[in-house]
Chemist: 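Before I ask anything, let me first share the structure, which is written out below as structure tokens.
Proteins come first, then strands; the chains are lettered A, B, ... in the order of their sequence lines, and each starts at number 1. Since the structure is predicted, the reported quantities are computational estimates derived from the model, not experimental observations.
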Number of protein chains: 2
Amino acid sequence: MSNLTIEDIRSNLQKAGYKLTPQREATVSILLDRDDEHLSAEEIYILVKQKAPEIGLATVYRTLEILTDLHLTHKVVFEDGLSRYDLQKNRGHHFHHHLECVECGKIEEIEEDLLDEVEQEIEQRFGFLVQDHQLTFQGICKKCQQNRKE
Amino acid sequence: MSNLTIEDIRSNLQKAGYKLTPQREATVSILLDRDDEHLSAEEIYILVKQKAPEIGLATVYRTLEILTDLHLTHKVVFEDGLSRYDLQKNRGHHFHHHLECVECGKIEEIEEDLLDEVEQEIEQRFGFLVQDHQLTFQGICKKCQQNRKE
DNA sequence: ATACTTGCAAATGATTTGCACTTGC
DNA sequence: GCAAGTGCAAATCATTTGCAAGTAT
């Protein structure tokens, strides 16, 4: 699914004056592997530690901050107070949404941008120039609905 | 704009086995007064303290938690990591959205639900039963756009 | 050399909790 | 009267930061 490579990320970092250190590479490689999950910094840290045990949590945070600044990842604050990070697979006009199941806690991602029309309406009616958005739905996922019936 | 009264809130609390103490009343009255702002717990605390100086921040948090559990308020986590609370003016089918200006930080509220169609699409395509949602747009508000031109 | 990075530990900031005291019904 | 509620201070949890040491070019 992901068409981003480590090399893309290396060149983006270098363009901005950052190095792709082993720690950053390990962190990015977790994000590439798990690009359909929505990992918190802590979860990323635990996964990275398996490959590079000497890494510190602060480094993971710093890496994620840089990646987010460069728009290589996207940071979303969830209701539980944790921030989760997604690789920006489709750079540029990216936008995606989340389906958060209140029963099993799973977070599903939707790639399409369903809000084009809504954004146009906002700009016309409120004179507000939209740059980005976050949309999260809470509800019951398919699987949990089935479990309820059993 | 708000059609909720203290009495509505009192009866809701009592139905759920809670009392409307002076501290809770003071907190709710701030929310009623400022129902178009999006106040953080800290901001609410400061305002409440002016009328009831002996109140503690923990009580404000506990009150907001109860109100949110009873769906009398709605808690939204913003990008800055703070949670803000809105009174649920139109109980039941409530839904509203936020416009967050990245320049002046102001948070505007839109009452309409622009997502009816989007929700139907989600339910059909993903089998996900939507119960609630949060939608926040980041961008530049009208006023800041004008200031830029000057 | 020099500027960028790191790991660690300590600091921060929002929220939560334990507890002895108080209060509303 | 007594469970429910309070204020305070201490605890917690995610995240950030200071700093001395490490590293790449």
Side-chain angles (χ1 to χ4, degrees), chain A residues 9-28 30 38-70 73-85 105, chain B residues 6-7 9-30 38-70 72-85 105:
Chain A
I9 296 202
R10 183 197 307 277
S11 68
N12 270 284
L13 285 174
Q14 285 179 341
K15 214 175 300 168
Y18 298 110
K19 296 166 191 162
L20 183 60
T21 62
Q23 291 91 333
R24 288 176 185 166
E25 187 165 343
T27 304
V28 169
I30 294 296
H38 291 74
L39 302 170
S40 66
E42 189 80 36
E43 290 167 338
I44 294 167
Y45 171 63
I46 289 166
L47 291 167
V48 172
K49 236 178 158 20
Q50 294 172 6
K51 295 193 173 189
E54 75 296 348
I55 201 172
L57 180 54
T59 300
V60 172
Y61 273 105
R62 285 187 279 232
T63 300
L64 292 169
E65 192 187 7
I66 291 169
L67 293 173
T68 302
D69 284 351
L70 298 180
T73 49
H74 196 231
K75 174 182 173 181
V76 187
V77 187
F78 280 87
E79 291 288 282
D80 62 6
L82 289 188
S83 294
R84 286 157 221 267
Y85 299 82
Chain B
I6 285 276
E7 289 314 313
I9 296 198
R10 181 195 308 276
S11 68
N12 269 284
L13 285 174
Q14 285 178 341
K15 214 176 299 169
Y18 298 110
K19 296 165 191 165
L20 183 61
T21 62
Q23 291 91 332
R24 286 178 186 165
E25 188 166 342
T27 304
V28 169
S29 97
I30 293 296
H38 290 75
L39 301 170
S40 65
E42 189 82 35
E43 290 166 339
I44 293 167
Y45 171 62
I46 290 166
L47 291 167
V48 173
K49 236 178 156 26
Q50 296 172 5
K51 295 193 172 188
E54 75 296 347
I55 201 173
L57 180 55
T59 300
V60 172
Y61 273 105
R62 285 187 279 232
T63 300
L64 292 169
E65 192 187 6
I66 291 170
L67 294 173
T68 302
D69 284 351
L70 297 180
L72 293 165
T73 49
H74 197 230
K75 174 182 173 183
V76 187
V77 187
F78 281 87
E79 291 287 282
D80 62 7
L82 288 188
S83 295
R84 285 158 220 266
Y85 299 82

Chemist: Establish, with yes or no, whether the OP1 or OP2 oxygen of dT5(C) is under 4.0 angstrom from a side-chain nitrogen or oxygen of Gln23(A).
Modeler: no
Chemist: Between Ile66(A) and Gln14(B), who's closer to the 5' end of DNA chain C by nearest nucleotide?
Modeler: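 Here Ile66(A) is the residue nearer the 5' end.
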Chemist: Looking at Arg62(B) and Glu65(B), is any side-chain nitrogen of the basic one under 4.0 Å from a carboxylate oxygen of the acidic one?
Modeler: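 No, no charged N to carboxylate O under 4.0 Å.
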Chemist: How do Gly81(B) and Lys19(B) order along DNA chain C: which one's closest nucleotide is nearer the 5' end?
Modeler: Gly81(B)
Chemist: Rounded off to whole Å, could you give me the OH-to-P distance for the Tyr18(B) and dA3(D) pair?
Modeler: 17 Å
Chemist: Starting from C1' on dC13(D), measure out to CD on Glu42(A) and report it in whole angstrom.
Modeler: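 Rounding to the nearest Å, CD of Glu42(A) and C1' of dC13(D) are 9 Å apart.
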Chemist: Separation of Ile55(B) atom CD1 from dT6(D) atom C1', in whole Å?
Modeler: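 These atoms are roughly 9 Å apart.
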Chemist: Give the rounded distance in Å between these two atoms: CD of Glu65(A) and C1' of dT6(C).
Modeler: 15 Å
Chemist: Is there a side-chain contact between Leu67(A) and Tyr85(A), using heavy atoms and a 4.5 Å cut-off?
Modeler: no
Chemist: At less than 4.0 Å, is any side-chain N or O atom of Ser83(A) found next to OP1 or OP2 of dT15(D)? Yes or no.
Modeler: yes
Chemist: Side-chain N or O of Tyr61(B) less than 4.0 angstrom from OP1 or OP2 on dT15(C)?
Modeler: yes
Chemist: Indicate the atoms forming the closest heavy-atom contact of Ile55(B) with Tyr45(B), along with that distance.
Modeler: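 The pair with the smallest heavy-atom distance is O-CE1, 3.5 Å.
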Chemist: Please state how far atom CG in Leu13(B) lies from atom P in dT23(C), giving the value in whole angstrom units.
Modeler: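 My rounded result for the distance is 20 Å.
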Chemist: Less than 4.0 angstrom between a side-chain N/O of Thr59(A) and OP1 or OP2 of dG7(C), yes or no?
Modeler: yes
Chemist: Send over the distance from Leu82(A) CG to dT15(C) C1', rounded to a whole Å.
Modeler: 13 Å
Chemist: Are any non-hydrogen side-chain atoms of Glu42(A) and Leu82(A) less than 4.5 angstrom apart?
Modeler: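 No - every pair of side-chain heavy atoms lies 4.5 Å or more apart.
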Chemist: How close do Leu39(B) and Leu47(B) get, heavy atom to heavy atom, and via which atoms?
Modeler: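 Heavy atoms only, the tightest pair is CD1-CD1, 4.0 Å.
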Chemist: In whole angstroms, how far is the P atom of dA14(C) from the CZ atom of Phe78(B)?
Modeler: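 After rounding, the reported distance stands at 16 Å.
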Chemist: Quick one: which of dG7(C), dT17(C), dT5(C) gets closest to the side chain of Arg62(B)?
Modeler: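 Of all the options, the side chain of Arg62(B) is nearest to dT17(C).
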Chemist: Could you check Arg24(B) against Pro53(B) and say which one's nearest nucleotide on DNA chain D is further toward the 5' end?
Modeler: Arg24(B)
Chemist: Checking contacts here: which listed nucleotide (dG7(C), dG5(D), dC25(C)) is nearest the side-chain heavy atoms of Thr21(B)?
Modeler: dG5(D)
Chemist: Rounded to whole angstrom units, what separation is found between the CG atom of Leu57(B) and the C1' atom of dG18(C)?
Modeler: 16 Å
